[in-house]
Amino acid sequence: MSGANTPSCDVLVIGAGPAGSACAQMLARAGLDVLLCDRHEFPRDKVCGDGLIPDAHRALARLGLADAVLARAARTGRLDCFAPRGGRLAVPAQLAVLPRRELDEMLRQAAMAAGARWQAPLRLEALLEGADGRVRGARLREKGEAVRDVRARWTVLATGADAGSLEAAGMCERRAPSGMALRGYAHRSDMAAQIGGLQVVWHKALRGGYGWIFPAGGGRFNIGVGYLHRQGRERDRQGAPNLRELLATFGKVHEPARALLQDGAAPLDQLKGAPLRCSLGGARKSRPGLLVVGEAAGSTYLFTGEGIGKAMESGMAAAQAIVQAGSAAGGDAEVRAAYEAELALLKPRFAAYEVANRFNEYPWMVDLVAWRARRSPALLARLAGVLDETQDPSAFVSAPGLLRLLLQMR
Ligand SMILES: Cc1cc2nc3c(=O)[nH]c(=O)nc-3n(C[C@H](O)[C@H](O)[C@H](O)COP(=O)(O)OP(=O)(O)OC[C@H]3O[C@@H](n4cnc5c(N)ncnc54)[C@H](O)[C@@H]3O)c2cc1C
């Protein structure tokens, strides 16, 4: 156990991924007494593609960390999309790759530098409730059998895609995840020049999901596959493929993946899978005394499985609600309403990504988009706008949007 023995605080933040650390930093900056805890000691690994898309860059800038993170990350200016019938498209974007072991430690350190206290390992066991049912902190288990009760004015649940933690907090509405993804690291310094952008590959043999190769610098690559359930089909796990087999298939349909996966001189390490919780679904977002942030609240995008940026955004939104709506006369209802209103603003974008998940179902559609965008600089610019969130994605994924795509000549 590290850190001081702390029986109480203003805000207890459980989970120190991007959502929890971003939230803790913002709260501590505002002068609140914050205790951030995690079931793991840090630095710790997190199964992820390690890709930082533009929303993550913006969130890191708000946290004062963009320069420090980018100085350590492998940066690139394009997303290379590969479609099943040979379509290729390079979408310009501000992108970077930094293994989560490093990124999450930087975020946690920044929260501590802002004044948050830290204790780990501490695992959520149960919430503490007052006679009125309001959450008043949590019972946390240390390594071994010892448990401690931490009292808090507010508790923030930032426990990621772990359904067990949501259940322990009584906030789980759907145990099944929205999808699963598997990643490993391969080392091939001779391929560093060949793979410059973040590669995402759609293929009918990967139907329902996609493969990726993200260059992490120094000839190291994060390579993986993801499978996302169709909207409303999260309970139907029958059709979900075996991800190790899907990764092997990726190696058969995409030559750089084959080179990374099959070359005995560069063995794959840390091959690990993890669930994804998407579309702001599957969990209640708040109850008196408690806010749920990040992937615990479903803040990862369906279709792409990207969630680091939105996890940080939701953590910061929760902090803002506690600081602003909770100050002076503000009570539970105001804080919850302020937080849920911020999440509601994000809903249309999540809904568009849900519809866009049909590109994973019908990968030939990616060929169509690639073919059109290569002939239309305006369309390519709009796609780049979707990625950096200056363009409404629903303009692409709606039926009229797709029709315009077909007809638009410039
Ligand atoms: C294979 C894979 C690839 C991905 N690739 C990308 C990508 O390239 N880019 C991207 O943006 N997103 C990616 N994602 C999604 C991204 O990982 C998540 O959106 C992001 O990690 C969510 O952040 P979070 O802070 O909400 O949760 P997490 O990062 O999961 O952090 C939750 C923390 O809570 C702790 N915790 C859990 N339960 C408890 C408990 N009971 N008590 C105490 N602590 C607890 C955990 O130890 C963890 O540290 C990927 C996901 C997967 C599975």
Side-chain angles (χ1 to χ4, degrees), residues 15-23 46-60 79 95 97 100 103-104 107 157-163 165-166 171-183 198 200 208-210 212 214 222 224-234 240 243 272-285 291-318 342-360 386-387 389 393 397:
S21 286
C23 183
K46 157 75 178 83
V47 178
C48 188
D50 306 328
L52 297 171
I53 62 171
D55 67 346
H57 290 246
R58 271 193 301 276
L60 287 167
L79 180 71
L95 302 165
V97 181
R100 291 289 298 277
L103 176 74
D104 290 17
L107 284 159
L157 193 73
T159 46
D162 179 48
S165 303
L166 278 169
M171 302 304 278
C172 191
E173 291 180 330
R174 168 176 45 75
R175 197 180 161 78
S178 315
M180 293 289 296
L182 177 81
R183 71 94 168 93
L198 266 59
V200 182
Y210 56 88
W212 74 79
F214 291 173
N222 183 313
V225 286
Y227 181 90
L228 285 313
H229 293 285
R230 259 187 291 165
Q231 189 185 355
R233 298 278 181 91
E234 295 90 349
L243 286 182
K272 288 183 189 159
L276 297 149
R277 295 182 73 86
C278 304
S279 304
L280 294 179
R284 288 160 63 202
K285 308 300 180 287
L291 301 180
V292 182
V293 302
E295 197 159 13
S299 69
T300 298
Y301 281 139
L302 204 71
F303 174 44
T304 63
E306 305 286 345
I308 299 170
K310 287 290 169 285
M312 290 187 279
E313 278 179 41
S314 70
M316 288 189 278
E342 283 298 313
L343 289 187
L345 290 178
L346 296 173
K347 269 190 181 155
R349 192 161 285 278
F350 277 93
Y353 272 77
E354 236 173 61
V355 180
N357 196 36
R358 70 175 66 154
F359 283 85
N360 289 332
V386 170
L387 199 54
E389 305 202 331
V397 297

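Counting from 1, the numbers follow the sequence of the chain as shown.
- For K272, the salt bridge (Lys or Arg N to Asp or Glu O under 4.0 Å) partners are D45, not counting sequence neighbours.
- Remark: R277 engages no residue in a salt bridge (Lys or Arg N to Asp or Glu O under 4.0 Å) (not counting sequence neighbours).
- Counting heavy atoms from C-beta on, the side chains of T304 and V200 never come closer than 4.5 Å.
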Practice task
Please step through side-chain hydrogen bond (donor to acceptor under 3.5 Å, both in side chains) for the pair S165 and D162, ending with a clear verdict.
Solution key: CA-CA 6 Å; S165 303; D162 179 48; 2.5 Å; yes
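- Put simply, the side chain of L280 reaches to within 4.5 Å of the side chain of K347, judged on heavy atoms.
- For L198, the side-chain contact (heavy atoms from CB on, under 4.5 Å) partners at least two apart in sequence or on another chain are T76, L79, L95, V97, F214, P215.
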Problem - Audit row: L166, V292, side chain to side chain contact (heavy atoms under 4.5 Å, CB included) steps and yes/no - result: CA-CA 9 Å; L166 278 169; V292 182; 4.1 Å; yes
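- In this view, R349 satisfies the side chain to side chain donor-acceptor pair (under 3.5 Å) rule with no residue, not counting sequence neighbours.
- When all heavy atoms are compared, the tightest approach of P18 to A311 is CB-CB, 4.3 Å.
- N357 contributes no side-chain N or O that, together with a main-chain N or O of L302, makes up a donor-acceptor pair within less than 3.5 Å.
- Qualifying side chain to side chain donor-acceptor pair (under 3.5 Å) partners for T300, counting only residues two or more places apart in sequence or in other chains: E295.
- Remark: A318 pairs with C23, L291, V293, Y339 by the side-chain contact (heavy atoms from CB on, under 4.5 Å) rule, at least two apart or across chains.
- No side-chain heavy atom of D55 sits less than 4.5 Å from a side-chain heavy atom of E306.
- Across A317 and E342, no two heavy atoms sit closer than the pair CB-CB, 3.9 Å.
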Handout entry: Stepwise side chain to side chain contact (heavy atoms under 4.5 Å, CB included) check, L52 with L103
Key = CA-CA 10 Å; L52 297 171; L103 176 74; 4.0 Å; yes
Practice task
Could you walk me through whether L228 and Y210 pass the side chain to side chain contact (heavy atoms under 4.5 Å, CB included) test, one step at a time?
Solution key: CA-CA 9 Å; L228 285 313; Y210 56 88; 3.6 Å; yes
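- Residues satisfying the ring pair (Phe, Tyr, Trp, His ring centres under 6.0 Å) test with Y301, not counting sequence neighbours, are F350, Y353.
- Two residues are said to be in side-chain contact when any heavy atoms from C-beta on lie closer than 4.5 Å; L182 and Y227 fail this criterion.
- D50 is linked by a salt bridge (Lys or Arg N to Asp or Glu O under 4.0 Å) to nothing, counting only residues two or more places apart in sequence or in another chain.
- Of all heavy-atom pairs spanning A283 and A296, the tightest one is CB-O, 3.3 Å.
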Handout entry: S279 and E354: CA distance, side-chain angles, deciding distance, side chain to side chain contact (heavy atoms under 4.5 Å, CB included) verdict
Key = CA-CA 7 Å; S279 304; E354 236 173 61; 2.8 Å; yes
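- Using a cutoff of 4.0 Å between basic side-chain nitrogens and carboxylate oxygens, E389 and K310 are scored as salt-bridged.
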